[in-house]
Structure formats: structure tokens, C-alpha cells
Amino acid sequence: QVQLVESGGGLVQPGGSLRLSCAASGSIFSIYIMGWYRQAPGKQRELVATMTSGGTTNYADSVKGRFAISRDNAKNTVYLQMNSLKPEDTAVYYCNVVLRGDPRVVVPTQYWGQGTQVTVSS
């Protein structure tokens, strides 16, 4: 089994910053993709940012230039630095990891964190 533990959410004023963390633990053979998604009330879950094991990143247009994803492969941890936050960034942020837990299993499995609330409000 794999566990994802998220931290770093909270309440921040517009223009402020927050840093989210997500640590993966358990039966992990190889991690391919680590990333963040978010879901605002009444909306579908959407991609925020992802990073492959090789360092290739992908960002939603709405966060480009403001958010930065990074990962520490030695710690199986992914981070999301969020700057210049806007009220429309308010959502529950979910960590997402695609990995292989068993070297005998070729097809990777996707895991989700429990979510952490980010609220941007004055």
C-alpha cells in the first residue's frame, strides 16, 4: 500500500504565498509522475501542475508564472510553491502520484492524497 500525506494548506490574503508538500510512503518501487490537482466548489477537478521523474513540468495556464512545482526524489516528496495567490485559486488541492509499487507489475498505479484546503481571501 501507498500513503500520500499532504500539508501546507491554509488561509492567505490575495497576493500572498503558500507552499504545499506531499510525501509518498509505503510500497514504492518507482515513481513516474508527481503532481497537484485542485477542485473548487461546484467545479470539476483540474490539473494544476505535474512533474515527471526526469524533471519535465506541465502547468495549467492559469497558474503559469505564479506556481512552481518541485520534487525531492530521495524523499519521494513533491512541493507546490504558490505565489501571487488570487481568490480564484481557492480550492481543495490534491496530490497525485503515478508509481509502480512492485517491480513485477508493469502497469503503474495512480494514487491520490486526501486533499488540503487553500483559501485566498481578504
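In what follows, every heavy atom counts, from backbone to side chain, and hydrogens, waters and symmetry copies are set aside.
Contact annotation: the side chain of Val98 approaches that of Asn96 to within less than 4.5 Å [non-hydrogen atoms, C-beta and beyond]. The shortest distance between side-chain heavy atoms of Ile69 and Tyr59 falls below 4.5 Å. Inter-residue side-chain proximity for Phe67 and Leu80 is flagged as met; some heavy-atom pair is nearer than 4.5 Å. In this structure the side chain of Arg19 reaches within 4.5 angstrom of the side chain of Tyr79, judged on heavy atoms. Leu18 has its side chain within reach of Val118: a pair of non-hydrogen atoms, C-beta onward, lies under 4.5 Å apart. Side-chain contact check for Leu11 versus Ser121: some heavy-atom pair is nearer than 4.5 Å. Contact of the Gln39 side chain with the Glu46 side chain is not registered, since no non-hydrogen atoms from C-beta on lie closer than 4.5 Å. Using a 4.5 Å heavy-atom threshold, the side chains of Tyr93 and Met82 count as touching.
Among all heavy-atom pairs drawn from Ser17 and Gln81, the shortest one is CB-NE2, 3.9 Å. Nearest heavy atom pair, residue Ser84 against residue Arg66, reads O-NH1, 2.9 Å. Of all heavy-atom pairs spanning Val5 and Gln114, the tightest one is CA-OE1, 4.4 Å. Here the closest non-hydrogen pair linking Ser53 and Ile31 is CB-O, 3.6 Å. The minimum heavy-atom distance between Ala91 and Ala40, with the atom names listed, is CB-N, 3.8 Å. Minimum interatomic distance between Arg100 and Val106 (heavy atoms only, all atoms of both residues): CD-O, 3.6 Å.
The aromatic rings of Trp112 and Tyr94 lie perpendicular to each other, with more than 60° between the two planes, well past the 30° mark.
The 12-atom threshold is exceeded at CD of Glu88, counting heavy atoms of other residues, nucleotides or ligands nearer than 6.0 Å. More than 12 non-hydrogen atoms from other residues, nucleotides or ligands lie less than 6.0 angstrom from CD of Gln110.
Tested against Ser25 for a side chain to side chain contact (heavy atoms under 4.5 Å, CB included), the candidates Gln1, Lys75, Gln3 yield a single pass: Gln3. Of the listed residues (Leu47, Thr50, Val63, Val78), just one forms a side chain to side chain contact (heavy atoms under 4.5 Å, CB included) with Trp36, and that residue is Val78.
Note that CE of Met51 and OG1 of Thr56 are 8.5 Å apart. Values are rounded to the nearest 0.5 Å. How far OG of Ser30 is from CG of Asp102: 12.0 Å, rounded to the nearest 0.5 Å. For the atom pair OG1 (Thr57) and NZ (Lys64), the distance works out to 9.0 Å, reported to the nearest 0.5 Å.
Val48 and Val12 fall within the same hydrophobic cluster, where Ile, Leu, Val, Met, Phe, Trp and Tyr residues are linked whenever their side-chain heavy atoms come under 4.5 Å apart, directly or through other members. Under the 4.5 Å side-chain heavy-atom criterion for grouping Ile, Leu, Val, Met, Phe, Trp and Tyr, Val97 is connected to Val2 within one hydrophobic cluster. At a threshold of 4.5 Å between side-chain heavy atoms, the hydrophobic network of Ile, Leu, Val, Met, Phe, Trp and Tyr places Tyr111 and Ile28 in one connected group.
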Derivation and outcome, side-chain hydrogen bond (donor to acceptor under 3.5 Å, both in side chains), residues Thr77 and Asp72: CA-CA 5 Å; Thr77 299; Asp72 185 334; over 6 Å; no
Criterion side-chain hydrogen bond (donor to acceptor under 3.5 Å, both in side chains) on Tyr37 and Arg45, from CA distance to verdict: CA-CA 7 Å; Tyr37 289 70; Arg45 190 173 297 187; over 6 Å; no
Verdict with supporting geometry, Thr116 and Val92, side-chain contact (heavy atoms from CB on, under 4.5 Å): CA-CA 5 Å; Thr116 184; Val92 177; 6.0 Å; no
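Here the side chain of Gln13 pairs no donor or acceptor atom with the backbone of Ser122 at under 3.5 angstrom. At distances below 3.5 Å, not a single donor-acceptor pair connects side-chain atoms of Thr119 with backbone N or O atoms of Thr90.
Between Lys86 and Asp89, no side-chain nitrogen of the basic residue sits less than 4.0 Å from a carboxylate oxygen of the acidic one, so the salt-bridge criterion is not met.
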